[in-house]
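Here's the structure we're looking at; comments come further down.
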Amino acid sequence: MKGIRTLLALFAAGVLAVTMTVTGHAAAARPNAAAAAAGTGYWHTSGRQILDANNQPVRIAGVNWFGFETNNYVPHGLWSRDYKSMMDQMKSLGYNTIRLPYSDDIFKPGTMPNSINFYQMNTDLQGLTSLQVMDKIVNYAGSIGLRVILDRHRPDSGGQSALWYTSAVPESTWISDLTALATRYQGNTAVVGIDLHNEPHDPACWGCGDTTIDWRLAAERAGNAVLAVDPHLLIFVEGVQTFNGSSYWWGGNLQGAGTYPVRLNVADQLVYSAHDYATSVASQTWFSDPSFPANMPGIWGKNWGYLFDGNTAPVWVGEFGTTLASTTDQVWLKALVQYLRPTATSGADSYQWTFWSWNPDSGDTGGILEGDWQTVDTVKDGYLASIKAPGFTGGSGGGTDTTPPSVPTRVAVTGTTSTSASLSWTASTDDVGVTGYDVYRGTTLAGTTSSPSFTDTGLTPSTAYSYTVKAFDAAGNLSAASTAVTATTQGTTGNAGCTASYTVNSSWSDGFTATVTVTNTGTAPTHTWQVTWTWPGSQQITNSWNATETRSGQSETFTAQSFNAAIPAGGNTSFGFQASFSGSNPAPTPVCSAS
């Protein structure tokens, strides 16, 4: 959010100590044999629930603390309070998670926070950059048992953007900053995950296939980039404004996710996120419906609740709020809290949530705190009492377990085929217990396993691959890499061939996006493919997806990725890119080869 929204723009915690079971859905695999406190380690999903490293269900029940996304470049209120005092108060009220909005401005070299009071408070923040202040907040959160969700709220401090990129902050910057955060907090389980972009809205679409505006495809590109750095982070994906002519709140419309789900390369890390508001933000038709508030469960269910009801994925209401000034808003909040499922009756088999906001300076909602940044609005806080779920253990940023497992040893290749390689190794040891292993093919994460063996598939015949293994424990501590081993796949005699077609999707004065479709013209499935061409003009690729791009002079080479290397006979796949040019933009002639 937030601030004042225009009507045009708006058309349209911890773990409960009871394990709840979702009917018909097996628990996700990442077990830890040792019993541990609820909320421990990294988290993952199973059906509509979020589980900790020991497969105990957790319920996110927290607040938004904004300010990093503004031109203060730091959470608001530090002009009045010490940040630790503020966070201690959050915990004392039963909130267990902080959603921390930021803008990409904080990644610019030397970005310094302002409006911090250093007199007898915040003394350890003096002289720090904004990112270094974020480190302090994350680490203190972990030390007192709070968790943090990092929210890419704006591309810059100037304001919200409809799409995930702008002319000043291209998609490449968005993704590189997301992966920089994943790298920065790798191994720090105080950070639950990353909310990829706040409130996509028109012209953003879901499932339309236009890579310049299809938020679902962009979320896949960004989410997979983050998971390639740290496969243990949750990826939070918000909705859009309009789907098939049906409009809702910015970021709140997830109607398309059932038909067009977000596809991530790492299983069980996706959480869908919706935003929902009352009349203090904008009046909507459903508030004046004669059946209000009885109509609201149907509206919520249509836009995002169906994903929870169908056990598709967890649903996190990342923002909801109101000033409570009107009777309508009071009735709305009471109904929404009931819809989110009280903890006493549903436990952690409930919706996840973070209230907007902790800050009192949100113009159209106010906050949990009053204007003095000290006093609690007990009425507003009281509405949320039944859905709180305090009790997380600390994250590893400030927790007690900082010892990584031992390095996996005796890594060996136990077998190969033309498209796979099998590995085994001696199990690592840990002071608490080893939770699993990350297997790397070169610098790329090939997969995660809970046992000391792994089979990598989708490989190219007659090709040598280098593998290393890292062990991780429930606290998120990661071992050093094992000694590398090389596996060479067997050859094949399959008949494969391919063609490639080049299509410009959209073009503007100095740039364009294009899609290349690769079709298997052979009689056997491909094991891999490659497309090459020489640019006839001045084109320069700035971002690509679904293929590995390399350039030498004017020559481009695109190589299949592991998930789309195998194309069945007669089938096809595609990759795309964004590029700049000057003068004319003549199309190249792609040449495709496959094996």
Side-chain angles (χ1 to χ4, degrees), residues 1-12 60-66 69 97-102 149-154 159-164 193-202 204 206 215-216 219 235-243 246-257 262 271-284 286-287 296-297 299-308 313-323 329 332-333 335-337 339-340 351-359 362-368 384 387:
M1 211 184 147
K2 240 29 357 98
I4 304 299
R5 294 174 180 264
T6 65
L7 291 178
L8 176 62
L10 292 170
F11 278 157
I60 296 169
V63 290
N64 286 267
W65 186 17
F66 67 81
E69 83 284 13
T97 304
I98 304 171
R99 180 175 181 254
L100 206 58
Y102 71 87
I149 298 171
L150 302 173
D151 158 45
R152 196 284 192 141
H153 208 74
R154 300 173 175 175
Q160 174 66 27
S161 62
L163 301 174
W164 55 97
I194 300 179
D195 186 348
L196 297 178
H197 178 61
N198 184 66
E199 296 185 349
H201 53 277
D202 295 346
W206 190 291
W215 165 236
R216 175 247 196 170
I235 302 299
F236 296 90
V237 180
E238 298 185 27
V240 292
Q241 178 184 357
T242 305
F243 178 76
S246 175
S247 290
Y248 201 60
W249 297 104
W250 287 1
N253 190 332
L254 283 160
Q255 295 176 35
V262 172
V271 179
Y272 287 112
S273 174
H275 291 184
D276 217 282
Y277 281 98
T279 64
S280 64
V281 172
S283 181
Q284 303 282 12
W286 45 86
F287 295 126
M296 294 310 301
I299 291 170
W300 293 322
K302 173 184 176 182
N303 284 284
W304 42 269
Y306 76 98
L307 294 166
F308 179 89
V315 176
W316 170 53
V317 184
E319 291 185 18
F320 64 105
T322 167
T323 60
D329 285 22
W332 167 85
L333 184 56
L336 179 59
V337 164
Y339 186 80
L340 297 181
Y351 290 90
Q352 320 290 326
W353 59 272
T354 45
F355 188 75
W356 188 279
S357 61
W358 176 253
N359 309 43
S362 176
D364 46 10
T365 66
I368 296 298
L384 306 174
I387 54 174

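Side-chain contact between I60 and I149 is present, with at least one heavy-atom pair separated by less than 4.5 Å. Contact check for F243 versus N303: no side-chain heavy atoms found under the 4.5 Å cut-off. Between T322 and V281, every side-chain heavy-atom pair lies at or beyond the 4.5 Å cut-off. Side chains of H197 and Q160 form a contact here, defined as non-hydrogen atoms less than 4.5 Å apart.
For F320, the ring pair (Phe, Tyr, Trp, His ring centres under 6.0 Å) partners are W353, F355, not counting sequence neighbours. Judged as a ring pair (Phe, Tyr, Trp, His ring centres under 6.0 Å), and not counting sequence neighbours, Y272 has no contacts.
Atom-to-atom distance recorded for S161:OG and E199:CD is 10.5 Å, nearest 0.5 angstrom. A distance of 9.5 Å separates CG in L340 from CZ in F308, rounded to the nearest 0.5 Å. The distance from atom CH2 of W206 to atom CD of Q241, rounded to the nearest 0.5 Å, is 14.5 Å. Taken from CD1 in I299 to CZ in F287, the straight-line distance is 8.0 Å, to the nearest 0.5 Å. In this structure, CZ on F236 lies 10.0 Å from CG on L150, to the nearest 0.5 angstrom.
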Between K302 and Q255, does a side chain to side chain contact (heavy atoms under 4.5 Å, CB included) hold up when you go through it step by step?
CA-CA 7 Å; K302 173 184 176 182; Q255 295 176 35; 3.7 Å; yes
W215 and L196: side chain to side chain contact (heavy atoms under 4.5 Å, CB included), yes or no, with the steps?
CA-CA 10 Å; W215 165 236; L196 297 178; 3.9 Å; yes
Intermediate values then yes/no, side chain to side chain contact (heavy atoms under 4.5 Å, CB included), Y277 and T365:
CA-CA 9 Å; Y277 281 98; T365 66; 3.8 Å; yes
E238 and D195: CA distance, side-chain angles, deciding distance, side chain to side chain contact (heavy atoms under 4.5 Å, CB included) verdict:
CA-CA 8 Å; E238 298 185 27; D195 186 348; 2.8 Å; yes
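No side-chain donor-acceptor contact under 3.5 Å links R99 to the backbone of E319. Between the side chain of T323 and the main chain of G366, no donor-acceptor pair closer than 3.5 Å is present. N64 contributes a side-chain N or O that, together with a main-chain N or O of T354, makes up a donor-acceptor pair within less than 3.5 Å. H153 places no side-chain N or O within 3.5 Å of a backbone atom of D151 that could act as its donor or acceptor partner. Looking only at distances, a side-chain donor or acceptor of D329 sits under 3.5 Å from a matching main-chain atom of T279.
What you find for A278 and W249 is that their closest heavy atoms are O-CH2, 3.8 Å. In terms of heavy atoms, S273 sits closest to G318 at OG-N, 3.8 Å. For the residue pair R154 and E69, the shortest heavy atom distance occurs at NH1-O, 3.5 Å. Closest of all the heavy-atom pairs between P200 and G239 is CD-O, 3.3 Å.
Y248 pairs in a side chain to side chain donor-acceptor pair (under 3.5 Å) with only one of the listed residues (D276, T242, N253), which is D276.
W356 has its ring centre less than 6.0 Å from the ring centre of F66.
The aromatic rings of W300 and W304 sit tilted relative to each other, their planes meeting at an angle between 30° and 60°.
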